[in-house]
Amino acid sequence: MPAQFDPAATEPRWAKTWFEEPFRADATSAKPPFTIVIPPPNVTGNLHLGHALDNTLIDTLIRHKRMAGYEVLYLPGMDHAGIATQMKVEQGLREEGKTRHDLGREAFLERVWAWKTQSGGTILEQLRRLGVSADWTRERFTMDAGLSKAVRHQFVRLYHEGLAYRGERMVNWDPVAQTTLSDLEIDRENRKGKMYTVSYSLEDSSLAASNGAAGEILIATVRPETIFADQAIAVHPEDKRFQHLVGQKARIPLTDHLIPIIADEAVEMDFGVGALKITPAHALTDFEVGERHGLKHPSVIDLHGHLTSDLVPEAFRGLERFAARKAVVAALQESGALIQEQDHTTAIGLSERSKAPVEPVISLQWFVNVKPLAQQALTGLEQGEITLTPERYTKVNRDWLENIRDWNISRQLWWGHQIPAWYDEEGRIYVPDAQNPDLDCDLDPRYQHLNLQRDPDVFDTWFSSNLWPFSTLGWPDEGNEDYSKFYPTQVLVTGYDILFFWVARMEMAGYGLTGKPPFETVMLHGLYLDSKGQKMSKSKNNGIDPLDLFDQYGVDACRFAFASLSTGGQDIKHDPRRFEQGRNFANKLWNATRFVKMRLSEVAQDLPLQDPFTPYIRTAAQMPTEASERSQSLLLLLVQQHQDKLSLADRWIISRLNAVTEQVSADLASYDIGAAIRGLYAFTWDEYCDWYLEAAKPNMSAQNTGTLVTLKLVLEHILKLLHPFMPFVTSELYESLGHRRQLAVHSWPLPDSVLHDAEATHAFDTLRSAVASARSLKNELGLSPQDRLNVAVLGEHAALVQDNTRTVEGIAKVKLVPALEGRTLSQVAPGVTVLAPLEGTVDLADWLGKQKKRLAELDKQINQAEGKLSNEGFVARAPAEVIEEEQRRIKEFGAQKERLEEVLKQF
RNA sequence: AGAACCGUAGCUCAGGGGUAGAGCACUACCUUGACACGGUAGGGGUCAGGGGUUCAAAUCCCCUCGGUUCUACCA
């Protein structure tokens with residue numbers, strides 16, 4: 001066994017095993033289900049740290065539950081990412097000098113599928129490196145037949161319930177991708193621009209607005225190129241400056257068009273010049289104002305972002321919107337209508353995919369009225385059917401469901417689920433019957449006399465990923481085994497940044513279509529930020545590739561870092577030191593095992609150290625009830641069989657292990673994965689390796705069967721507890737200890753109060769104090785570790801130390817003697833004072849300084865405790881345990897103080 | 001404009017009414033038969049500031065300052 005753990009030599013074999021012989025979920029099992037569906041990444045995507053974090057947390061929960069005896073399903077898959085995928089394939093076509101229209105819809109889609117088969121989905125391969133224990137036989141894709149059927153059923157149902165409708169509304173248009181977008185596919189970005197003050201002349205030149213000269217009214221705008229589509233000028237109804245002008249008319253500059261001046265509450269009096277132009281076709285708020293005032297909404301910008309329409313003076317027609325802005329500004333300036341131009345920062349909406357500024361347009365699209373669906377989800381949330389952790393996100397979830405707007409679900413793309421709606425020559429809509437949703441209307445015998453054309457558009461990708469928790473399990477076939485067994489799912493793990501669009505939509509779809517919550521618990525984690533605390537983005541080029549981290553530190557180390565950095569949904573700032581810590585920890589574990597194996601093979605070849613329950617695998621009938629588990633507890637068995645042969649250290653580590661087992665299980669139950677791994681790290685390193693292994697060293701002859709068995713079983717127990725977090729190294733080590741079945745299918749240890757041993761814990765703590773004191777003295781005396789120093793022990797627990805002479809001498813590398821002659825250097829600790837002969841070159845002043853500091857500290861603690869106890873309120877109101885603790889502290893610190901003063905008398 | 005989170009050792013972060021913690025960094029010593037990706041002994045903090053509640057506040061409440069994020073946006 002090499003002296004260093006080499007992840008590269010270990011990981012590929014296990015990753016391959018877990019992919020080729022996946023952990024298949026058995027829908028017919030009698031075990032209780034535990035289901036997590038992966039948040040499906042884009043088929044175009046690469047693994048980023050968010051995915052790695054998600055899936056580390058998921059796999060940790062999953063591996064734990066599998067070991068704990070649940071029928072576990074971890075369902076992997078991807079979504080088809082409508083726009084992203086289509087743009088990717090179109091990019092390829094462009095390089096061949098073609099467009100998708102050259103191929104036609106059918107050939108284009110064949111090409112997309114070919115791309116998907118060949119180069120899509122690398123992300124799932126990357127995920128395998130992470131060691132996820134997914135059921136790869138159940139991998140799903142949102143464009144699969146089954147999931148497509150689910151989408152179709154969803155639409156048909158919503159249509160017949162009156163919730164899906166077609167209408168003319170203002171939508172977000174991506175002029176590059178040539179499709180509508182939902183609000184959530186838009187990134188807001190603050191950009192520097194200009195705000196223009198423009199003069200509109202009043203029809204009645206005898207009037208004046210107080211913000212301009214006679215005969216004019218000034219308005220402010222950032223989009224002067226849209227003035228040709230203006231339908232009104234709006235002012236606030238209570239704005240005294242303009243009240244006399246309401247109902248009057250003004251002329252759009254560069255044209256002869258007159259528009260009314262209206263009053264609307266949406267206007268902010270204090271902003272700009274107090275008046276603004278209303279352009280209902282080109283801004284959402286303007287559209288809403290227009291609706292209130294019965295304005296028309298002519299458009300002057302076409303779907304490619306060019307100025308068009310008879311309303312536009314010929315000079316500007318055909319200009320691209322940003323070129324048009326320059327031209328219009330120049331013309332306004334020339335005509336004297338441009339009064340002012342000032343710098344102004346506006347939040348501009350950019351298409352998430354094409355990065356083009358989004359153009360609000362009025363268009364005929366399919367929408368879903370989500371209010372009733374949101375209401376059902378809200379009710380479920382209120383009733384606690386879904387729990388969010390951290391709990392504070394419940395409010396965010398609720399706010400989102402309460403304020404949700406109608407959802408534009410149609411996209412002008414080819415890649416996606418084509419909308420199952422047909423139109424006749426008069427534009428009437430035909431949608432399949434609710435009873436027979438799979439029958440296309442143009443194949444429906446009832447409609448053969450009509451010339452039906454199918455809607456060419458496809459659904460928003462979210463209109464399929466909202467079904468993911470149940471479409472992947474066979475819905476709409478609710479009699480399906482998988483659906484019956486594994487739905488609703490238990491946990492959803494994702495970043496809080498997509499609480500809004502994905503989580504809320506799954507909740508609505510779950511309640512609306514299955515009548516059940518899609519998941520019981522939503523576990524939200526924070527964003528993974530770069531080391532400066534900034535969000536990673538392509539534009540900033542500050543992304544960190546998890547695959548590089550895997551290479552550099554090993555996957556277990558990365559999983560350790562992800563797990564230990566994740567606390568309470570806080571954002572995670574990248575810190576390489578945490579990955580080093582994980583790497584070092586994996587190595588520590590490796591070497592602890594190496595040590596145990598070496599010693600056991602030297603000393604104990606004949607000992608019956610085989611785990612008596614290997615290959616014991618818990619079956620359905622043996623669900624972990626407390627009673628059945630007890631009889632199976634290896635540690636309990638160990639304690640029973642070797643009771644007389646256990647050393648103090650053995651008893652101590654078993655008691656501590658039991659406490660840690662209990663704590664880790666509790667942490668996992670409350671989804672506090674960070675606390676769980678931090679606790680395991682501390683126990684493994686600081687207690688098992690630093691103290692127990694050292695204490696065991698002098699006790700490892702063949703007669704010490706208690707220690708030899710403890711050594712091995714505690715190690716195996718640690719490997720089990722760590723397995724969900726660091727599956728590679730633990731599987732490898734467990735196997736190397738002689739187990740034939742892989743660690744992942746062994747059972748999760750349960751704590752047992754019988755193993756709690758307070759006496760051993762206190763006693764061993766005293767030994768630790770004695771050892772630490774002896775080491776400290778050796779340090780003061782400038783001795784090297786191998787020098788055997790004679791030390792004597794005084795104090796309340798001196799006898800205990802003497803009873804464990806071999807252990808203390810072995811760990812501290814000292815020689816315990818009954819007493820010392822002459823001057824001594826001493827170290828006072830709880831329960832014991834350790835003395836060493838004062839010889840050689842010692843910096844006495846330094847040592848005395850430290851002792852005085854220590855004395856002052858003791859005094860401070862004693863005074864604090866006495867202060868509390870002399871406070872009547874404290875004695876009257878504090879709990880009895882707290883009062884006893886203070887009394888104990890006075891006694892303990894008092895004893896130490898006494899001993900310390902005794903020691904200092906010599907000087 | 002609303003909402004939430006954060007401010008603890010030099011750095012990155014745990015803790016979350018009753019004794020201030022970890023990793024890294026720092027100082028000194030140690031290549032001792034598991035591990036230098038290691039070991040031992042140390043140094044280092046008025047828990048952002050101010051009020052309040054309480055017998056007791058780093059922890060709960062309020063305010064201020066600083067930082068971050070989300071949502072909505074003002075032409």
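Per chain, numbering begins at 1; letters A, B, ... match sequence-line order.
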K.L.:
Looking at every strand, decide which applies to A/Arg877 at a 4.0 Å heavy-atom threshold: base, sugar-phosphate, or nothing.
P.N.:
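Base contact.
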K.L.:
Is B/A36 paired to anything, Watson-Crick or G-U wobble with both distances less than 3.5 Å, and if yes, which nucleotide?
P.N.:
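Across all strands, not a single nucleotide pairs with B/A36.
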K.L.:
Quick one: label A/Phe585 by what it contacts on the DNA or RNA (base, sugar-phosphate, nothing), any heavy atom closer than 4.0 Å.
P.N.:
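No contact.
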K.L.:
By the 4.0 Å heavy-atom rule, please label A/Ala876 as base, sugar-phosphate, or nothing.
P.N.:
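No contact.
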K.L.:
Under 4.0 angstrom, heavy atoms only, what part of the nucleic acid is A/Gln570 near: base, sugar-phosphate, or nothing?
P.N.:
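Since only primed, P, OP1 and OP2 atoms lie under 4.0 Å of A/Gln570, the category is sugar-phosphate.
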K.L.:
Please check if any side-chain donor atom of A/Asn779 sits under 3.5 Å from a side-chain acceptor atom of A/Ser776, or the reverse.
P.N.:
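Judged by distance alone, the side chains do not pair up.
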K.L.:
Any base atoms under 4.0 Å from A/Val222, or only sugar-phosphate, or nothing? Heavy atoms, all strands.
P.N.:
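Sugar-phosphate contact only - A/Val222 comes under 4.0 Å of backbone atoms but never of a base.
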K.L.:
State the pairing partner of B/A1; accept Watson-Crick or G-U wobble contacts with both distances under 3.5 Å, and report none otherwise.
P.N.:
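Base partner found: B/U71.
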K.L.:
Under 6.0 Å from the ring centre and within 45 degrees of the ring axis: does the NZ or CZ of A/Arg505 meet both conditions for the six-membered ring of A/Trp400?
P.N.:
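The answer is no; the distance or angle limit is not met.
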K.L.:
Could you check A/Asp672 against A/Asp686 and say which one's nearest nucleotide on RNA chain B is further toward the 5' end?
P.N.:
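That would be A/Asp672.
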K.L.:
Which is true for A/Glu694 with a 4.0 Å heavy-atom rule: it touches a base, it touches only sugar-phosphate, or it touches nothing?
P.N.:
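Result for A/Glu694 = base.
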K.L.:
Scan A/Gly810 against the nucleic acid and name what it touches under 4.0 Å (heavy atoms): base, sugar-phosphate only, or nothing.
P.N.:
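The answer is nothing, as A/Gly810 stays clear of every strand by at least 4.0 Å.
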K.L.:
Any strand counts, and the cut-off is 3.5 Å on both contacts for Watson-Crick or G-U wobble. Which nucleotide pairs with B/C65?
P.N.:
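B/C65 is paired with B/G7.
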K.L.:
Side chain of A/Arg577, base of B/C11: donor and acceptor closer than 3.5 Å?
P.N.:
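Result: at least one qualifying N/O pair found.
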K.L.:
Among B/A3, B/U68, B/A75, find the nucleotide with the atom closest to the side chain of A/Asp571.
P.N.:
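Shortest atom-to-atom distance from the side chain points to B/U68.
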K.L.:
Can you check each nucleotide of nucleotides 39-45 of chain B against protein heavy atoms at under 4.0 Å and return B for base, S for sugar-phosphate only, - for none, in 5' to 3' order?
P.N.:
SBSS-S-
K.L.:
Under 4.0 angstrom, heavy atoms only, what part of the nucleic acid is A/His344 near: base, sugar-phosphate, or nothing?
P.N.:
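Counting heavy atoms under 4.0 Å across all strands, the contact made by A/His344 is with sugar-phosphate only.
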K.L.:
My understanding is that only residues two or more places apart in sequence, or in another chain, count here; which of them pass ring pair (Phe, Tyr, Trp, His ring centres under 6.0 Å) with A/Tyr553?
P.N.:
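A/Tyr553 satisfies ring pair (Phe, Tyr, Trp, His ring centres under 6.0 Å) with A/Phe579 once adjacent residues are dropped.
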K.L.:
Base, sugar-phosphate or nothing for A/Tyr393? Non-hydrogen atoms, less than 4.0 Å.
P.N.:
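If one applies the 4.0 Å heavy-atom cut-off, A/Tyr393 turns out to touch nothing in the nucleic acid.
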K.L.:
Name the nucleic acid region contacted by A/Thr593, choosing base, sugar-phosphate or nothing; use a 4.0 angstrom heavy-atom cut-off, strictly under.
P.N.:
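A/Thr593: no heavy atom of the nucleic acid under 4.0 Å.
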